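Okay, structure first, notes after.
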Amino acid sequence: MLKYRFPEGFLWGTATASHQIEGDNFYNDWWEFEQKGKVKNGQISGKACDSWNRYEEDFDLIEKLNNNAYRFSIEWSRVEPEEGRFDQSAIERYRAMLLSLRRRNIEPFVTLHHFTNPLWIAKKGGWLNSEIIDYYLRYVERIVSEFKDLVNYWMTINEPNAYAFMAYLYGQFPPQKRSLMKMLRVLNNMVKAHAKAYQVIHKISPNSKVGIAYNVIYFEPKNPKSFIDRKLTNFADRIYNRVFIETLTTGRFSSPFIKEEIPYAKDTLDYLGVNYYTRILMGLRMTPPSGEKSDFGWEIYPEGIYKVVKRFYKLTGKPIYITENGISDAKDEKRPKYLISHLIQLHKAIEDGVDIKGYFHWSLVDNFEWAEGFLQRFGLFETDFNNFERKWRKSARIYSEIAKNNGITEEMEKEFLK
Ligand code: BGC
């Protein structure tokens, strides 16, 4: 018996990103970073999942999952490997992918920037240099003009906050800076790029929906009674969760060091993409979570997705798509419960009136997990990186059932949630 029924027309999908699955992305900053041995165990993305050549195989899997949507990204460095030189053959390959998805009745959700930058852009200072905005817009204009007949949903940038944090404050992603000021400057440039891209896309394709995929962490004080822990929580929440999104609703970028009126950024979201993974408890001494964790060490906290969507729906008033949610779990022991418990929390939010229109599980297949290389396994399908074979995990079968039924049965809840 179906216990948690999702709204009619709900979109069920998975999400991936170009550099993590395609392979041979020679012309971006990550490729260079990997060659310098910066990734765990000196790994390089190499052929990744070889999805550049095996995309039909991937789409077959998506069909077997009974999914009606798929989120993937276009690799700027493939399309424009050198400044101003667009590679038509790469554009044609993406067109073939989009056509294949359309033939299969799978709605494409296209991300225009997912962490990687063309090397020539990185050499000019990347997102610290405000000139990137115009370069980015030229690329966006080209892509949207090429694919406007095939794409209804665009995401301008994937997780500007996670990107700015990892690359400019935490220093784990290229160019490995460690400066709050730089992180905020990058966020500021990204907000402008998003807002201008929103206008550009609508000019070319007025009926398409333009959003962003935004990483939201549920922060809480480690000790709610501690003043310092509460202050730290508030600070993390402000710079990570709020500054960027608030600019899109108010037209005002209000961060600790940079405050700026950006009126054209106001109301530049048709929908909000939420990427939710975990909760972080903030305290002076950060300790690993005590409860259930993923292989990555991230706490499993399903209630967080409920709290986060309720809050961001109130904040933006825009329809929400969960554009990422998933777990690193090589043995697939925790994923079934993770998947079902997060979906039940989402269902609860929908019942409360939050307009949630779709869910994309991260990820379709195990792939190149950035600074962790191939260590962290997020796939519904296991990838054998020796021969690129994709193998069913139990979670893939469960997800396929859920999508087919457009909901979760009582039996499923009983079996996996206890
Ligand atoms: C990113 C993905 C990444 C995932 C798991 C998200 O922050 O968008 O590219 O693989 O998290 O770490």
Side-chain angles (χ1 to χ4, degrees), residues 13-23 25 28-31 33-34 39-40 43 45 48-49 51 70-76 109-117 155-170 172-174 183 186-187 190 194 211-219 240-241 244 272-280 293-301 304-305 308 321-330 334-335 338-339 342 359-383 385 395:
T14 59
T16 62
S18 53
H19 191 69
Q20 295 180 268
I21 63 165
E22 286 178 354
N25 273 320
N28 69 33
D29 50 355
W30 266 90
W31 187 270
F33 187 68
E34 295 155 21
V39 169
K40 206 169 254 180
Q43 287 186 330
S45 57
C49 308
S51 291
Y70 176 53
R71 174 179 173 226
F72 71 106
S73 76
I74 291 185
E75 176 64 33
W76 184 1
F109 272 60
V110 177
T111 317
L112 290 158
H113 183 277
H114 196 125
F115 292 172
T116 51
N117 299 296
M155 274 150 291
T156 54
I157 301 175
N158 177 70
E159 300 187 345
N161 55 339
Y163 172 77
F165 174 77
M166 294 298 278
Y168 292 92
L169 183 61
Y170 195 52
Q172 269 217 349
F173 287 7
M183 171 183 167
V186 165
L187 264 190
M190 284 188 145
H194 162 81
I212 191 147
Y214 200 77
N215 184 274
V216 186
I217 293 175
Y218 187 69
F219 292 108
Y240 198 85
N241 288 335
F244 192 97
L272 178 67
V274 170
N275 295 356
Y276 172 82
Y277 288 90
T278 191
R279 163 172 80 168
I280 294 182
K293 285 175 284 190
S294 73
D295 292 352
F296 221 138
W298 301 354
E299 185 191 1
I300 301 176
Y301 186 64
I305 202 170
V308 153
Y321 292 87
I322 301 302
T323 36
E324 283 181 34
N325 171 240
I327 177 171
S328 167
D329 176 25
K334 298 176 181 168
R335 192 175 286 103
Y338 184 99
L339 172 64
H342 282 75
Y359 172 88
F360 294 81
H361 192 83
W362 185 274
S363 183
L364 178 66
V365 287
D366 290 340
N367 55 45
F368 180 71
E369 179 50 40
W370 307 115
E372 294 282 310
F374 294 102
L375 214 61
Q376 305 297 339
R377 303 291 187 116
F378 280 89
L380 287 171
F381 292 91
E382 182 187 341
T383 309
F385 290 101
S395 297

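All figures in this text were calculated on a predicted structure; none of them were measured in a lab. Order of appearance sets the numbers: ligands from 1, and atoms from 1 within every ligand. Side chains included, hydrogens not; waters and symmetry mates left out as well; all remaining heavy atoms used.
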With heavy atoms of His114 as the reference, note each atom of ligand 1 found under 4.0 Å away. 1 (C), 2 (C), 8 (O), 9 (O)
According to the interplanar angle, ranging from 0 to 90°, do the rings of His19 and Phe368 count as parallel (below 30°), tilted (30 to 60°) or perpendicular (above 60°)? perpendicular
Nearest non-hydrogen protein atom, atom 4 (C) of ligand 1: Tyr277 OH, 3.4 Å
Checking the N or O distance criterion of under 3.5 Å, is ligand 1 in contact with Glu324? yes
Would you kindly say whether Asn215 and Tyr277 are connected by a side-chain donor-acceptor distance under 3.5 Å? no
Check if Phe368 has a non-hydrogen atom at a distance under 4.0 Å from any atom of ligand 1. no
Tell me, which protein residue and heavy-atom name are nearest atom 7 (O) of ligand 1, and how many Å apart are they? Glu159 OE1, 2.5 Å
Under 4.0 Å, heavy atoms only, figure out whether ligand 1 is touched by the backbone of Asn367, its side chain, both or neither. neither
Name the orientation class of the two ring planes belonging to Phe360 and Tyr321 (parallel below 30°, tilted from 30 to 60°, perpendicular beyond 60°). tilted
Expected output: side-chain Ser363 to main-chain Thr16 donor-acceptor under 3.5 Å: no
State if Gln376 counts as touching ligand 1 under the rule of any non-hydrogen atom under 4.0 Å. no
Return the orientation label for the Phe296 and Trp298 ring planes: parallel under 30°, perpendicular over 60°, tilted otherwise. parallel
If you measure every N/O of Asn275 against every N/O of ligand 1, is any gap under 3.5 Å? no
Does Tyr163 approach ligand 1 within less than 4.0 angstrom via side chain, backbone, both or neither, non-hydrogen atoms only? neither
So, the side chain of Gln43 versus the backbone of Phe374: is there a donor-acceptor pair under 3.5 Å, distance only? yes
Closest protein heavy atom (residue, atom, distance) for atom 10 (O) of ligand 1: Glu369 OE1, 2.6 Å
Would Phe109 and Tyr70 count as a close aromatic pair, with their ring centres under 6.0 Å? no
Which ligand 1 atoms does Trp298 reach within 4.0 Å, using its non-hydrogen atoms? 12 (O)
Specify whether His342 and Tyr276 have parallel, tilted or perpendicular ring planes, treating 30° as the upper limit for parallel and 60° as the lower limit for perpendicular. tilted
Which of the atoms of ligand 1 are close to Asn158, meaning less than 4.0 Å from one of its heavy atoms? 8 (O)
